[in-house]
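Following: one structure in structure tokens, then a few remarks.
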Amino acid sequence: MIGKVYLSAVDFYDIKTRTTKRKIRPVLIVAGPQENDYIVLPISTITMRNNLNAYYDLLISPPKRAVLNLSRECFIRTHKQLPVHSASLVKQLGDMRADAPDLYLDAIAKMEEIQKAIVTFSI
């Protein structure tokens, strides 16, 4: 399942209601399974552009969105890893590792870069 794009139920904080809610969003599976959990990177439209990280949020180009069955402009949030239980994976949309390998490798490289930065910062 590594490299696949799925629709998944994920938690998010709703600033208006000040509560945690769930929504279905696309994710890229980057690790797992470990005890029925996968590590994923969210794929988001990032409507509030002030929340866009120009370096770590990777834009998915229109041709790659089409092959991955993503209908709107969206970004892979390489610095926002999430654990997701296998039961939360709703539907496979595409296979980024097979159908957009350059994008997949870019996402993994950025994810590993932020992980190294976090480890260095915490030492």
Side-chain angles (χ1 to χ4, degrees):
M1 297 213 2
I2 305 299
K4 305 260 194 270
V5 175
Y6 267 79
L7 285 179
S8 177
V10 294
D11 294 335
F12 74 99
Y13 182 74
D14 185 338
I15 198 164
K16 292 178 185 173
T17 63
R18 297 182 183 186
T19 60
T20 300
K21 294 184 177 181
R22 295 197 91 176
K23 67 179 172 181
I24 303 295
R25 74 172 327 141
V27 297
L28 170 62
I29 298 174
V30 295
Q34 178 101 23
E35 299 176 13
N36 294 316
D37 289 331
Y38 290 89
I39 301 300
V40 303
L41 299 177
I43 298 175
S44 178
T45 56
I46 311 180
T47 53
M48 295 180 64
R49 293 303 167 127
N50 59 321
N51 292 331
L52 180 68
N53 183 301
Y55 186 74
Y56 288 110
D57 290 324
L58 293 178
L59 177 65
I60 302 175
S61 68
K64 291 178 180 156
R65 282 198 321 257
V67 76
L68 297 171
N69 296 303
L70 299 167
S71 59
R72 296 175 24 171
E73 180 182 72
C74 53
F75 300 82
I76 305 168
R77 310 224 57 204
T78 64
H79 58 304
K80 303 239 181 210
Q81 297 177 41
L82 302 169
V84 171
H85 191 275
S86 59
S88 295
L89 298 172
V90 177
K91 175 184 174 187
Q92 183 178 328
L93 297 177
D95 186 340
M96 189 180 295
R97 191 163 69 170
D99 299 330
D102 56 331
L103 180 62
Y104 174 74
L105 291 174
D106 285 348
I108 296 303
K110 294 276 185 184
M111 179 190 73
E112 289 174 348
E113 186 177 322
I114 193 71
Q115 286 175 332
K116 287 178 187 171
I118 291 169
V119 169
T120 301
F121 181 73
S122 66
I123 292 178

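Because only heavy atoms are used, hydrogens play no part in the values below, and waters and symmetry mates are left out as well, while side chains stay in.
When the side chains of ILVMFWY residues are joined at heavy-atom separations under 4.5 Å, either directly or via intervening members, L41 and V67 end up in a single hydrophobic cluster. Hydrophobic clustering, with ILVMFWY side chains joined whenever heavy atoms are under 4.5 angstrom apart, keeps I29 apart from F75. In the hydrophobic clustering of ILVMFWY residues, with side-chain heavy atoms under 4.5 Å counting as a link, V5 and L105 come out together.
Summarising the geometry, atom CZ belonging to R49 is positioned 8.0 Å from atom OG1 belonging to T47; distances are rounded to the nearest 0.5 Å. Rounded to the nearest 0.5 angstrom, L7 CG and I24 CD1 are separated by 7.0 Å. Rounded to the nearest 0.5 Å, atoms CG (L68) and NZ (K4) are 11.5 Å apart. Atoms CE and CG, from M1 and D95 in turn, are 10.5 Å apart once rounded to the nearest 0.5 Å. The distance from the OH atom of Y13 to the NZ atom of K21 is 11.0 Å, given to the nearest 0.5 Å. Once rounded to the nearest 0.5 Å, the distance linking CE of M111 with CD1 of I114 reads 11.5 Å.
At distances below 3.5 Å, at least one donor-acceptor pair connects side-chain atoms of N69 with backbone N or O atoms of L93. In terms of modelled atom types and a separation under 3.5 Å, the side chain of R65 and the main chain of R72 share a donor-acceptor contact. No donor-acceptor pair under 3.5 Å is formed between the side chain of S88 and the backbone N or O of S8.
Considering every non-hydrogen atom in both S86 and Y38, the closest pair reads CB-CE1, 3.8 Å.
Checked against V30 for a side-chain contact (heavy atoms from CB on, under 4.5 Å), the options I108, V40, I2 give a single hit: I108.
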Between side-chain atoms of residues 54-62 and protein atoms elsewhere (two or more places apart, or another chain), which donor-acceptor pairs fall under 3.5 Å?
{"residue": "Y55", "atom": "OH", "partner": "K110", "partner atom": "NZ", "Å": "3.4"}
{"residue": "Y55", "atom": "OH", "partner": "E113", "partner atom": "OE1", "Å": "3.0"}
{"residue": "Y55", "atom": "OH", "partner": "E113", "partner atom": "OE2", "Å": "2.9"}
{"residue": "D57", "atom": "OD1", "partner": "R77", "partner atom": "NE", "Å": "2.9"}
{"residue": "D57", "atom": "OD2", "partner": "N53", "partner atom": "N", "Å": "2.7"}
{"residue": "D57", "atom": "OD2", "partner": "R77", "partner atom": "NH2", "Å": "3.1"}

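The shortest distance between side-chain heavy atoms of I76 and D106 does not fall below 4.5 Å.
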Problem set entry | D102 vs K64, side-chain contact (heavy atoms from CB on, under 4.5 Å): CA-CA, chis, key distance, verdict | CA-CA 10 Å; D102 56 331; K64 291 178 180 156; 2.8 Å; yes
